[in-house]
Amino acid sequence: MIRQQLAWFDPARIGHSGQCFRFAPLPEGGGWGLTARGRRLCIRPDGDGFLFDCTPEEWETVWYPYFDLDTDYEAFAAAVNPRDAYMTAAVACAAGVRILRQDPWETTVAFILSQQSNIPRITRNLEAVCRAYGAPFADREGNIWYDIPTPAALAAASEEELRALGLGYRAPYLRAAAARIAAGQPDLASLAAMPYKKAHAALLTLPGVGVKVADCVCLFGLHKLDAFPIDTHIRQMLDAHYKRGFPMRRYKGFAGVLQQYAFYYELYGGKT
DNA sequence: TCTGGACCTCG
DNA sequence: GAGGTCCAG
């Protein structure tokens, strides 16, 4: 168990932000639990800081990088045009949200499942897939959790089995994409080293992955902060507030972070 | 290149 | 109808 005081870190907002789907309130309340990188982590508020139930070594090598704590998000917030009332409000609403360094394969699975869906359902579907095909592991208290299935494990599943989990027409997409990744076409590990546009183009070749999903994988799984996924919420936001176009030049290098803040603001703006 | 309809469930 | 993709025309 370790304690940390962290700038720009709000687990509740991160958990609701729609970038990750295995990040949920603890049943006893007051904290958050997440499954990632083949591990389980609990986060509990503690005064002006947080308690993390991991070793200092795990913190340094796994969770500190996962939460992208080396990146200065306050600097991104400060770079927002003060005359842009909409983005100023969005950033204030989403303060504390970071772009997690999630696994590219996990984000590929999650966002293939995300089409024509919503956060509660994506969460349910992803959990079902992990329980059915993922490797179980125990936390330090002996509770069993399930990792994201390997590409090979999902490729070996039948469409019928996947449909039985409630995936609907996404089942054949997921299965086919898993087969492609298992064959190394494309090799997800090598995408991280590519520039955003090349990585995006490679992801577009996957079945069930269009422009929007590829951008989500780029932003959330490959940490390409230039990626700017446009879904219906962001589309409406752009039409309403940026009729002359979003200032991509001004925000080059981190436009995707602001996209995430706008997205959060669109979803929860009235209620936080 | 661009537009429209189908697609599985479920809140 | 939904935080989208695919295929036909």
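Keep in mind that what you see is a predicted model, and the values were worked out from it rather than measured. Per chain, numbering begins at 1; letters A, B, ... match sequence-line order.
A:Y261 has its ring centre no less than 6.0 Å from the ring centre of A:Y86.
Side chain A:R170 to base B:dC8: a donor-acceptor pair is found below 3.5 Å.
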* **Bracket notation of DNA chain C in which parentheses pair within the strand, [ ] cross earlier pairs, and | pairs with another strand (Watson-Crick or G-U, under 3.5 Å)** => ||.||||||
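Between A:R124 and B:dG11 there is a side-chain N or O to OP1 or OP2 distance below 4.0 Å. Contact annotation: A:R121 does not reach the phosphate of B:dT9 (side-chain N/O to OP1 or OP2, under 4.0 Å).
A:Y66 meets the ring-ring contact (aromatic ring centres under 6.0 Å, His included) test with A:W63; sequence neighbours excluded. By the ring-ring contact (aromatic ring centres under 6.0 Å, His included) test, A:Y133 pairs with no residue at all, sequence neighbours left out.
Regarding A:Y173, its OH atom lies at a distance of 14 Å from the P atom of B:dT9, rounded to whole Å. Summarising the geometry, the separation between CG on A:L206 and P on C:dG4 is reported as 18 Å, rounded to the nearest angstrom. Note: CD1 (A:I122) to P (B:dC10) measures 14 Å, nearest angstrom. Look at CZ on A:R235: it is 16 Å from P on C:dA2, rounded to the nearest Å. A:Q115 places its CD atom 15 Å from the C1' atom of B:dG5, with the value rounded to the nearest Å. The interatomic distance linking A:D231 (CG) with C:dG1 (C1') rounds to 16 Å, in whole Å.
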* Criterion salt bridge (charged side-chain N to carboxylate O under 4.0 Å, His left out) on A:R3 and A:D46, from CA distance to verdict -> CA-CA 8 Å; A:R3 184 177 192 284; A:D46 181 51; 2.5 Å; yes
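A:N81 places none of its side-chain heavy atoms less than 4.5 Å from the side chain of A:P247. Using a 4.5 Å cut-off on side-chain heavy atoms (C-beta onward), A:L191 and A:C218 make no contact.
A residue-by-residue look at A:L167 and A:N118 shows that A:L167 has its nearest nucleotide of DNA chain B further toward the 5' end. Residues A:P207 and A:Q259 each lie close to DNA chain C; by heavy-atom proximity, the contact nearer the 5' end of the strand is made by A:Q259.
Nucleic acid contact class of A:L113 (heavy atoms, under 4.0 Å, all strands): none. Using a 4.0 Å heavy-atom criterion, one finds that A:S117 contacts the bases of the nucleic acid, with or without backbone contacts as well.
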